Amino acid sequence: MGKIRLKADFTLDVPDDPEIAFIKGDGIGPEIMEVTLEVLNAAIDKAYKGKRKIIWKEVLAGEKAYKETGNYLPDETFDIIRECVVALKGPLTTPVGGGFRSLNVTLRQVLDLYACVRPIKWIPGTPSPIKYPEKVNMVIFRENTEDVYAGIEYPASSAEAKKLIEFIKENFGEKIREDSGIGIKLISKFNTYRLVRKAIKYALENEYPSVTLVHKGNIMKYTEGAFRNWGYEVAEKEFPEKTVREDEVFEKYPFGVPKGIVIIKDRIADAMFQWVLLRPEEYSILATPNLNGDYLSDALAAQVGGLGMAPGANIGDGYAIFEAIHGSAPKYAGLNKVNPSSLILSGKMLLEYIGWKEAAELIWKALSKTIQQKIVTYDLARQLENAKEVTSSEFGEAIIKNIYQECSPKGEFL
């Protein structure tokens, strides 16, 4: 068993048998995690013929952690994730009436996982509400640590809210109703820089043509407007030979932007919802503040089949947690019913992150083949004519069968 080593430049040194942490999650989490680990192990076995394997190490979080330790997020969990560098997480239920405000937010903030990364791409055969889902191929980079999600807010009529209202009134002359709840919106230059930097690097490494800064700077000029301006600054200062502003494209490249140059665009957030429907092929990487990214990622997921078909990751400088982006769905717990594709695809992202791209490609090909065979869980079966509805575990078995019987090690169907 080896350990993933985090280098000084935040790249990874990955052995052939890395120990990787996983959190089963709450509700449906344990069921979909079991299926996911079986699929990942099969893809690794097929791709590398026993020369590579992952040693999975369970760590506790959520309801299971509380039952065993009295703590929803034990300190040991953070220590092990840091030691493993990379982790896979099932959905967690935020405790009501006590504990952390949000377990997911706490994991991101404590480990400084500042970029929520969500690739949105249609899997052929998946039912979609739009005519041309194959045109959707975007990756959202959502800032994860600030904006209104920083959690600095006070209830109406509380002492804190009254004090803030009075302070703002006396010092700035702004009138706020006394029965208002108060929240503070934070967007910093430091956090914007590192998010947009990561988005541009990703675009360059994966040959995406553009990065679009999505903001509401026409109204919130000094927070989201600053996000836009700082985003352009990152491109101009740190990637001057590799990026071009959209409004300078025709001046600098009258015969077309050459390969390896990333166009930096910006769009108003509300208008962006229109463009991802009408012209999805014009957008590839979206860099957003926290709230905008939350809305957009779910809306884009709907275009390719819903949250059950979209993966996600929270990534910092080296450390990363890959997770299903849907909730724990406790009413379905124990029924062996829910679609595990979101977590499986998040596992595929994990494999790509550690450099095991052959196994990741096998998963994509086999999952696509399974859906095209119309062997699907209930959520897709009710939308597909003549589909064969299967359980979560049976869906995983069908994917594994396709991995072994119908795919070559390069991910090509035989």
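Quantities reported herein were computed from a predicted structural model and do not represent experimental measurements.
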Glu323 and Asn314 side chains, donor-acceptor separation under 3.5 Å: yes
Would you say Thr370's side chain and Ala366's backbone share a donor-acceptor pair under 3.5 angstrom? yes
May I ask you to check if Lys265 and Tyr283 form a cation-pi contact, with NZ or CZ under 6.0 angstrom from the six-membered ring centre and within 45° of the axis? yes
Salt bridge present between Arg245 and Asp247 (N-O < 4.0 angstrom): yes
For the residue pair Tyr72 and Tyr66, categorise the inter-ring angle as parallel (less than 30°), tilted (30 to 60°) or perpendicular (more than 60°). parallel
Is Lys64 salt-bridged to Glu58, going by a charged N under 4.0 Å from an acidic O? yes
Indicate yes or no: does Asp16 engage Arg52 in a salt bridge with an N to O separation below 4.0 Å. yes
Does the pair Trp364 and Ile123 meet the rule for a side chain to side chain contact (heavy atoms under 4.5 Å, CB included), with working shown? CA-CA 8 Å; Trp364 178 265; Ile123 296 176; 3.5 Å; yes
Kindly indicate whether a cation-pi arrangement holds for Arg108 with Tyr114, taking the cut-offs as under 6.0 Å to the six-membered ring centre and within 45° of the axis. no
Please determine if Asp17 and Lys3 form a salt bridge, counting it only when a charged side-chain N lies under 4.0 Å from a carboxylate O. no
Pairing donors with acceptors under 3.5 angstrom, does anything connect the side chains of Asn292 and His215? no
Can you tell whether the side chains of Lys162 and Glu178 come within less than 4.0 Å, N to carboxylate O? no
Step by step, would you call Asp266 with Tyr232 a side chain to side chain donor-acceptor pair (under 3.5 Å)? CA-CA 9 Å; Asp266 79 270; Tyr232 277 118; 2.7 Å; yes
Considering all heavy atoms of both residues, which atom of Gly25 and which atom of Pro30 are nearest to each other, and what is their separation? O-CD, 3.4 Å
Under the side chain to side chain donor-acceptor pair (under 3.5 Å) criterion, do Tyr193 and Glu233 qualify, and how do the steps go? CA-CA 8 Å; Tyr193 259 57; Glu233 282 183 17; 2.7 Å; yes
Which residues share a side-chain contact (heavy atoms from CB on, under 4.5 Å) with Asn137, sequence neighbours left out: Lys121, Tyr208
Indicate yes or no for a side-chain donor-acceptor contact from Thr77 to the backbone of Leu73 under 3.5 Å, with no hydrogens or angles considered. no
Would you please test Trp56 and Leu40 for side chain to side chain contact (heavy atoms under 4.5 Å, CB included) and show each step? CA-CA 11 Å; Trp56 297 102; Leu40 295 182; 3.8 Å; yes
The single option from Glu224, Glu146, Glu153 passing side chain to side chain donor-acceptor pair (under 3.5 Å) against Lys185: Glu224
Is the shortest side-chain N to carboxylate O distance from Lys348 to Glu352 below 4.0 Å? yes
Applying side chain to side chain donor-acceptor pair (under 3.5 Å), run through Arg142 and Thr288 and close with a yes or a no. CA-CA 5 Å; Arg142 165 190 165 198; Thr288 79; over 6 Å; no
Modelled atom types, side-chain donor and acceptor of Tyr378 and Asn339, under 3.5 Å: no
Cut-off 3.5 Å, side chains only: do Glu143 and Tyr149 have a donor facing an acceptor? no
Main-chain N/O of Pro311 paired with Ser346 side-chain donor or acceptor, under 3.5 Å: no
Just by modelled atom types, is the Arg5 backbone N or O under 3.5 Å from a matching donor or acceptor in the Asp13 side chain? no
Yes or no on side chain to side chain contact (heavy atoms under 4.5 Å, CB included) for Leu384 and Thr126, after CA distance, side-chain angles and deciding distance? CA-CA 8 Å; Leu384 290 172; Thr126 306; over 6 Å; no
Is it the case that Lys51 places NZ or CZ above or below the six-membered ring of Tyr48, under 6.0 angstrom from the centre and within 45 degrees of the axis? no
Without hydrogens or angle criteria, can the side chains of Thr212 and Arg267 be said to hold a donor-acceptor pair below 3.5 Å? no
Set out, in order, the CA-CA distance, both residues' side-chain angles and the distance that settles side chain to side chain donor-acceptor pair (under 3.5 Å) for Lys89 and Asn104, then state yes or no. CA-CA 10 Å; Lys89 183 182 76 64; Asn104 295 313; 2.8 Å; yes
Decide, yes or no, whether a salt bridge links Lys259 with Glu207 under the criterion of side-chain N to carboxylate O below 4.0 Å. yes
Please answer whether the main-chain N or O of Ile371 pairs with a side-chain N or O of Lys374 as donor and acceptor at a distance below 3.5 Å. no
Locate the shortest heavy-atom distance separating Leu204 from Gly260; write the atom from each residue and the value. CD2-O, 3.5 Å
